[in-house]
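Here's the structure, in structure tokens; my notes come after.
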Amino acid sequence: MYTKNSTTDLVIAGAGAAGMMAAVTAAERGLSVCVLDPNGKIGKKLRITGKGRCNVTNDCAPAEFFHSVTTNAKFIKSAVYGFPPAAVMDFFERAGVPLKTERGNRVFPVSDRADDVAEALRRMALELGIVFRKDRALSVRLEDGHVAAVVCGEREYPCRAFAVCTGGVSYPGTGSTGDGYRIARDLGLAVVPPHPALVPLEADEVCAELQGLSLRNVDLRLTEHGKTLYTERGELLFTHFGMSGPLVLTASCFLKHSDYSDVQISIDLKPALTPERLDDRILRDFSAVLNRDIINALDELLPRKLIPVVIRRAGIDPRCKVNAVTREERRELCRQIKEFTVRVYGARPVEEAIVTSGGVDVKEIDPRTMQAKKIPGLYFAGEVLDTDALTGGFNLQIAWSTGRLAGNSVPLPQGGS
Ligand SMILES: Cc1cc2nc3c(=O)[nH]c(=O)nc-3n(C[C@H](O)[C@H](O)[C@H](O)COP(=O)(O)OP(=O)(O)OC[C@H]3O[C@@H](n4cnc5c(N)ncnc54)[C@H](O)[C@@H]3O)c2cc1C
């Protein structure tokens, strides 16, 4: 058990997904554990994941999992095989969080409440006697090159091991402000400069006009210099600065090295209809409203906000009567609906990204333990590391797996069993 001023087996910075998993795992093995976090609350970011529903993991086989990891998949192999999605699901079910699997193998609590996931971790931690301190780890004191204490300003927490689970720099309001990078750099470890992953994109002014409009079941095609980088069906959202939503966030991962000089997103607004069937459909809709202005004739086909934009782009006068629309104009209308193109100018800043790419260089870390190769007793887990993945529960799975491995790797105290 932890006692004040005594040496704790494991001090953890960060009560997020990775830190809590490391804490529970180590405490289950009988280690004394103290978790530091300047947030008074456990899992502040965890509680807003998946729009407040928490996409806990992705129910796929580990081998499949790595296809969705965009940075350093090889590095996390041991961690994910050691604590794969099925084990994570079992862990939370046993912790009293029934789960369900939705489209794309995405796993959520049956309750649709991310709070339930965070609360389950909090309950387990309290039952295991894990101590929490509202404190901010700033540096590490080494003795003979080994971790001896975590330093928080005036206060020190003597310990045998220290796990840095401080997250990246995205959504800094949740507490992830890059402290882990500073701690690592001060100790001479390399840090890959952070940059945004899964981030909304800045695009054409037309997006501002469509702000607030969310489209489901549309096909997105991302191109750079005319080459297709990504294409998928799903959901997207227009915002005052450009575009967001699941399709766009995933698309952004394919633009990591882009200078955005020639990037376009083309949206097929009616992917279920071939151009010919779409034309038939428009003809049928038109035949019922021949004397209406075209601006009032497409309500059955398109969301209201899109109608004036599509008509303008097709070069048709919005006050043109339906019976005066030429075949050429109708063709161009169909083309605009099948290929609604938006120019992309850049990504939003890393603070607005769902995940931070970059972080502590994985070359510094032993993938079998999550321990820093140069500094015995120093561990890293979660988003602080330079590894990230697509949407679908993969990023939390990385946090669970690496946190679990760190918690399992801290040696038992001498005399422990
Ligand atoms: C809006 C949003 C939705 C998301 N939805 C999903 C989803 O549904 N599924 C999914 O897989 N992923 C999702 N993610 C990504 C996922 O939340 C993160 O990858 C994951 O939370 C990373 O966990 P972590 O423990 O490494 O870091 P974090 O959850 O960021 O936790 C880090 C903790 O460290 C603390 N800390 C920071 N500095 C210090 C310090 N110096 N000392 C002590 N403590 C410190 C912070 O206060 C924080 O509590 C989402 C992210 C966002 C922003």
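The figures here come from the full heavy-atom set of this structure, side chains too, leaving out hydrogens, waters and symmetry mates. Just so you know, ligand 1 is whichever comes first in the structure, and atom 1 is the first atom listed for that ligand.
Salt-bridge annotation for Arg343 and Asp204: absent, with no side-chain N of the basic residue lying under 4.0 Å from a carboxylate O of the acidic one. A salt bridge links Asp112 with Lys100: the closest approach of a Lys/Arg side-chain nitrogen to an acidic carboxylate oxygen falls below 4.0 angstrom. A salt bridge does not link Arg313 to Glu339: none of the charged nitrogens lies less than 4.0 Å from a carboxylate oxygen. Salt-bridge annotation for Arg136 and Asp179: present, with a side-chain N of the basic residue lying under 4.0 Å from a carboxylate O of the acidic one.
Scanning Gly50, Cys165, Ala15, Pro172 for the heavy atom closest to atom 8 (O) of ligand 1 points to Gly50. Counting heavy atoms only, Pro38 comes closest to atom 45 (C) of ligand 1 of the residues Gly175, Gly168, Pro38.
Cys54 places none of its side-chain heavy atoms less than 4.5 Å from the side chain of Phe108. At a threshold of 4.5 Å between non-hydrogen side-chain atoms, the residues Arg312 and Glu209 count as touching.
Protein heavy atom closest to atom 9 (N) of ligand 1, with residue, atom name and distance, is Asn55 O, 3.0 Å. Protein heavy atom in closest approach to atom 3 (C) of ligand 1: Thr49 CA, 3.6 Å. Nearest to atom 34 (O) of ligand 1 among the protein's heavy atoms is Gly14 CA, 3.2 Å. Counting protein heavy atoms only, atom 48 (C) of ligand 1 is closest to Asp37 OD2, 3.5 Å. Scanning the protein heavy atoms around atom 22 (C) of ligand 1, the nearest turns out to be Glu383 OE1, 3.4 Å. Of the protein's heavy atoms, Ala18 N, 2.9 Å lies nearest to atom 25 (O) of ligand 1.
At a heavy-atom cutoff of 4.0 Å, ligand 1 is contacted by the side chain of Asp179 but not by its backbone. Heavy atoms from both the backbone and the side chain of Leu396 come within less than 4.0 Å of ligand 1. Neither the backbone nor the side chain of Leu138 has a heavy atom within less than 4.0 Å of ligand 1. Residue Arg136 touches ligand 1 through backbone and side chain together, judged by heavy-atom distances below 4.0 Å. Residue Cys152 does not touch ligand 1, judged by heavy-atom distances below 4.0 Å.
A salt bridge (Lys or Arg N to Asp or Glu O under 4.0 Å) with Glu119 is found for one member of Arg113, Lys41, Arg47 and no other, namely Arg47.
The ring-ring contact (aromatic ring centres under 6.0 Å, His included) search around Tyr345 returns none, not counting sequence neighbours. In this structure, Tyr181 has no ring-ring contact (aromatic ring centres under 6.0 Å, His included) partners at least two apart in sequence or on a different chain.
Residue Ser357 holds its OG atom at 5.5 Å from CG of Asp386, rounded to the nearest 0.5 Å.
Not close to ligand 1: Leu46, with no non-hydrogen atom less than 4.0 angstrom away. Using a 4.0 angstrom heavy-atom cutoff, Thr174 counts as in contact with ligand 1.
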